[in-house]
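Sequential numbering from 1 along the given sequence is applied to the chain's residues. For the numbers below, each heavy atom of this structure counts, side chains included, while hydrogens, waters and symmetry mates do not.
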Amino acid sequence: MTYVAFARKYRPRTFEDVVGQEAIADALRAAVAAQRTASVYLFAGSHGVGKTSMARILAKALGCAAVQDGRPCLACPACLGVERGEALDVIEIDAASNRGVEDAERIRDGVRYRPQGAGCKVYILDEVHQLSRTAFDALLKTFEEAPAHVRFILATTELHKVPATIRSRAQVFHFRRATRPQVEGRLRSIAELEGVPISPAALGVIARRARGSMRDAQKLLDQVTTLGVPAGGAIGPEDVAGLLGTLTDERVVGVLEALVRGDVRALLDELARYLAEGGRPGTFSEELQEALRAVLYARVGGPGSALLEESPYPLELVAPIARALGEDALLYALTVLQRAEHTLRTAREPRVVLEVALVRLARVADLRPMAELVARLERLEEALARGDPGPRAASASPRGPGDAAPLPEGPPTVAPTAPARAQPPGPDR
């Protein structure tokens, strides 16, 4: 039997299967049920969040002869044709390779013909921002006055590159990245169906590395299954981290704790160990940035913040670091890593660049918030205004036999010197 990758084998088939896009799924299903679908839809979001899958599900619902409450039946010829990629009335176009005005003209000519089997003809344009300006202009009138039997579904990862004239004629839906618990739950169900023994901590490493992309997470799980069943009985986080060239949660937290302690040696040792295992300096920098961003969210948002839903690390791991580092220290650390990442792209020795950045990061614990410094200056000014000699005099203690003499409180006095007398000019020589 031909092997099918997890990303294709477990592609969502119904609106409810698209993880993390519940609000969009409910809106589209309700529109189909009420027969009030728009002529043009624009799905925007990062890669792997379900834009194309949602477009295919919507195409099935629009063409299904036995649709119930906006949901496709998944058994009729129209639904099966879309799933197999054989539906004549669902035309998928890669705008990256069909971006010219002549391609737009073919679409414009094709919309005149009615669907052959389904009740609606659907055009799915993937990466639509790749179309040329002339192609957008050629499709503008077609989008605005699309025939009743045609629906357009546009998908893009760069919404800002889609002209405003196109956006104004479409219903725009913004797809969000899946949270770490959502990705872990989906991976767990796939692992159970495939009989892959893998620990929850290992699934957490995959989910963190995927950064909210469900397709990337399934691809990484597919890659991890090549490890087979280790002697311990289940694939662990160290196995996944070694294969993917990443760090486990415990090692990332160890790096953060070394930053708090200002332990330069521990930081450099961890980097050397990571590189010896086959890791890349750029990936190490990315992992550390993601961890510091999670610490920043925990610091400014608190336990109940919605920002933590986007964090790749659970709150219990980053909360102690957030209590130890102030906001100014975190901003400084993130700035140092961003500059280092920019330099890594062209550096002859990327490791040296990252080592210098880590040495600088070891000083973040010494940074004090600006408000604290201002408060200390204000207290000092108040003490000087009251004539308070300051904490130095208050903490003075009798000198011991080996102690140096105390410094005077006032400025040092300098004995005046007599002005030099002018000397008579000597004889010319």
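Side-chain contact check for Y274 and E287: no donor-acceptor pair (N or O, by modelled atom type) lies under 3.5 Å. Defined by atom type and a distance below 3.5 Å, a donor-acceptor pair is missing between the side-chain atoms of S39 and R151. For E127 and T157, the side-chain atoms include at least one donor-acceptor pair closer than 3.5 Å. T134 and D137 share no side-chain donor-acceptor pair at under 3.5 Å. A side-chain N or O of T179 and one of Q182 form a donor-acceptor pair less than 3.5 Å apart. With no hydrogens or angles considered, a side-chain donor-acceptor pair links S53 and R11 at under 3.5 Å.
Distance SG/C64 to CD1/I57: 13.0 Å, rounded to 0.5 Å. Expressed to the nearest 0.5 Å, how far CG of L193 lies from NZ of K9 amounts to 8.5 Å. The CD atom of E355 lies 11.0 Å from the CG atom of L267; values are rounded to the nearest 0.5 Å. With rounding to the nearest 0.5 Å, the separation of CG in D222 from CZ in R8 is 12.0 Å.
No salt bridge links R188 with E192; every basic N to acidic carboxylate O contact stays at or beyond 4.0 Å. Using a cutoff of 4.0 Å between basic side-chain nitrogens and carboxylate oxygens, E83 and R56 are not scored as salt-bridged. Taking a cutoff of 4.0 Å between a charged side-chain nitrogen and a carboxylate oxygen, R265 and D263 do not qualify as a salt bridge. Between E86 and R84 there is a salt bridge, since at least one side-chain N of the basic residue sits less than 4.0 Å from a carboxylate O of the acidic one. Of the charged side-chain nitrogens involved, none lies within less than 4.0 Å of a carboxylate oxygen, so that R211 and D216 do not count as a salt-bridged pair. For E102 and R106, the salt-bridge test fails: no basic side-chain N is under 4.0 Å from an acidic carboxylate O.
Side-chain atoms of V295 and L330, non-hydrogen and from C-beta on, do get closer than 4.5 Å to each other.
Classified by interplanar angle (parallel below 30°, tilted 30° to 60°, perpendicular above 60°), the ring pair F43/F173 is perpendicular.
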